[in-house]
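Quick notes on the structure that follows.
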Amino acid sequence: MLDIRFIRENLEEAETRLKTRGAGASLSGFRELDERRRTLLQETETLKALRNRVSDEISRVKDKSEVQGQIAEMREVSQRIKVLDDGLRSVEEELEAFMLTVPNIPSPETPVGSSEADNREVRRCGIIPELTFSPKPHWEIGEALDILDFERGAKITGARFTLYKDSGARLERALINFMLDLHTSRHNYIEMLPPFMVNRESMTATGQLPKFADDLFHLEGVDYFLIPTAEVPVTNIHRGEILKSSQLPVLYTAYTPCFRREAGSYGKDTRGLIRQHQFNKVELVKFVHPSDSMKDLKQLLDNAEEVLRLLELPYRVVELCSGDIGFSACRTFDIEVWLPGQNTYREISSCSSFGDFQARRAGIKFREDEKSKPEFVHTLNGSGLAVGRTVVAILENCQQEDGSVIIPQALRHYMGGLEKITAKS
RNA sequence: GGAGAGAUGGCCGAGUAGGUCGAAGGCGCUCGCCUGCUAAGCGAGUAUACUGGGAAACCGGUAUCGAGGGUUCGAAUCCCUCUCUCUCCGCCA
């Protein structure tokens, strides 16, 4: 959520910067609601002050028959207060509902643009393998090795669900452990294993609700949602808390499965592991001091890139433009891994700063020192990495002409020493 | 699923014949004093949000004792609903 006071005082500027996201983002209607709210608030508070004062006077009088007049008068004041409060509540609900649908303002560093096409490539890293044969897509490799079973995944559940088998399942688990170990032991993140279902408040705090309910799986019988990313439960760890500034930055990493409806992407990536309703991800989440949040974002990005460097997978970093960043984000870098089977780069991580947008929704603050007022922290997060897509990248980049796949050196320890996945005869 | 108990400030913990309770007391913390060091001691301070005024320091108002509603001139205290926590039984990994 945006800072209401900032908007009140800088409506033009806020509106202009918001518009760089596209036509949808607007603050029209804000001024009127905000003013109605403050008018009602002042009226009702004036009456409450009167009532408090007179009630106090009444309490000092022993013989209540002397104050029947005041009591009757206050009875009417109370009724008037009730009416004003009802009006106030409905205006506040309207304002709140409106503000919850306004996206974050892109940071000044975010390149202005209208779509994916305006994203800016930042760098390319790693060496694209020179294959002496025509590379296969991962679904063919995985099926030939009998480590990915798309048909049975679909039988068990439906489209966009996959059964991992044998070395495939092991590879997925190896990657999760590898990533968690890297981030905890080398990058100083604390490991968390949060609930995979969250309530409505948590989804609202990080920005998935109210606008993106269609992307979420909602449970029947209880008002819980399956998490679309660990960002939701992990950011909500500190919802409604005031942290000490000495605690900052707080760094968490978490493995979770992620569940997404993928509504509106019916034709896209129908084959393979790229777009699943359920996939695994190791997430990085940071709560930081506002003053160095961009530095923190670069560092988080580097932590995610390190996974690819160690796995020796080629990738590039892309900075998203204003028209392409997510609802809650103010600045985002995507990491895209090279996929030879599809001859293209595909997103494997998205690292964002949310400024104080999520912190304000979630009420996550810190105190500079004992005396100072609490301020909102900045929240950041990024995939470190999407595990399924990392499997895809390994299968496609490390494939051999004979159909086998060489396990990256860094992962072999986690694969029980296995160097290569080969088809069983 | 059945039965019962509870939810108060950073923590512990008073407060139920409704008013002087934003809330005793203790601990913790901050500042000052004292002090060979440490400990102890003494004094002062120590919630959050919204809102009005002010350049600001700051001053004023309102709300908040799990959440929401009700009764009342007035609710931490009475009534209703919900949520969560704990104990016992059942069930289960």
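Just so it is clear: chains get the letters A, B, ... in the order the sequence lines come, proteins before strands, and each one is counted from 1.
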Under the salt bridge (Lys or Arg N to Asp or Glu O under 4.0 Å) test, residues paired with Arg17(A) that sit two or more places apart =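 Arg17(A) satisfies salt bridge (Lys or Arg N to Asp or Glu O under 4.0 Å) with Glu13(A) only.
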
P gap between rC29(B) and rC21(B), integer Å |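 My reading of the P atoms in rC29(B) and rC21(B) gives 29 Å.
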
Taking only residues two or more places apart in sequence or in another chain, which ones pass side chain to side chain donor-acceptor pair (under 3.5 Å) with Glu15(A)?
->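 Only Lys19(A), Ser26(A) meet the side chain to side chain donor-acceptor pair (under 3.5 Å) criterion with Glu15(A).
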
ring-ring contact (aromatic ring centres under 6.0 Å, His included) against His183(A), all qualifying residues, sequence neighbours excluded |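 Result, ring-ring contact (aromatic ring centres under 6.0 Å, His included) vs His183(A): His187(A), Tyr189(A).
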
Base, sugar-phosphate alone, or nothing: which one does Lys244(A) contact when heavy atoms must sit under 4.0 Å apart?
->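 Lys244(A): no heavy atom of the nucleic acid under 4.0 Å.
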
Using a 4.0 Å heavy-atom cut-off across all strands, classify Lys62(A) as base, sugar-phosphate, or nothing.
->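 Lys62(A): no heavy atom of the nucleic acid under 4.0 Å.
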
Look at the aromatic rings of His277(A) and Phe161(A) and report parallel, tilted or perpendicular, splitting at 30° and 60°.
->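 His277(A) vs Phe161(A) ring planes: tilted.
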
Pair Asp214(A) + Arg261(A): basic N to acidic O under 4.0 Å =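 Salt bridge flag = no for Arg261(A) with Asp214(A).
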
Start with the C-alpha distance between Phe287(A) and His238(A), add both sets of side-chain angles, then the distance that settles ring-ring contact (aromatic ring centres under 6.0 Å, His included), and finish with yes or no.
-> CA-CA 9 Å; Phe287(A) 302 82; His238(A) 293 300; 5.0 Å; yes

Sugar-phosphate means primed atoms, P, OP1 and OP2; the rest is base. With that split, encode nucleotides 51-64 of chain B 5' to 3' as B, S or - using protein heavy atoms under 4.0 Å.
-> SS--------BBS-

What is the distance from atom OG1 of Thr235(A) to atom CZ of Arg361(A), rounded to the nearest 0.5 Å?
->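 That separation rounds to 12.5 Å.
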
Using the 3.5 Å cut-off, write out each protein N or O paired with an N or O of nucleotides 15-24 of chain B and the distance between them.
residue, atom, partner, partner atom, Å
rG19(B), N2, Ser55(A), O, 3.2

For RNA chain B, the expected dot-bracket line (Watson-Crick or G-U under 3.5 Å, [ ] crossing, | inter-strand) is ((((((((.[[[..)...(.....]]]((((((.......))))))(((((((....))))))).[[[[[..)....]]]]])))))))....

Is Met99(A) atom CE crowded by more than 12 heavy atoms from other residues, nucleotides or ligands, each under 6.0 Å away?
->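 Yes, the 6.0 Å shell around CE holds more than 12 heavy atoms from other groups.
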
Check Tyr164(A) against Gly388(A) and note the closest heavy-atom contact, atom names and distance.
->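 Here Tyr164(A) and Gly388(A) meet closest at OH-CA, 3.7 Å.
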
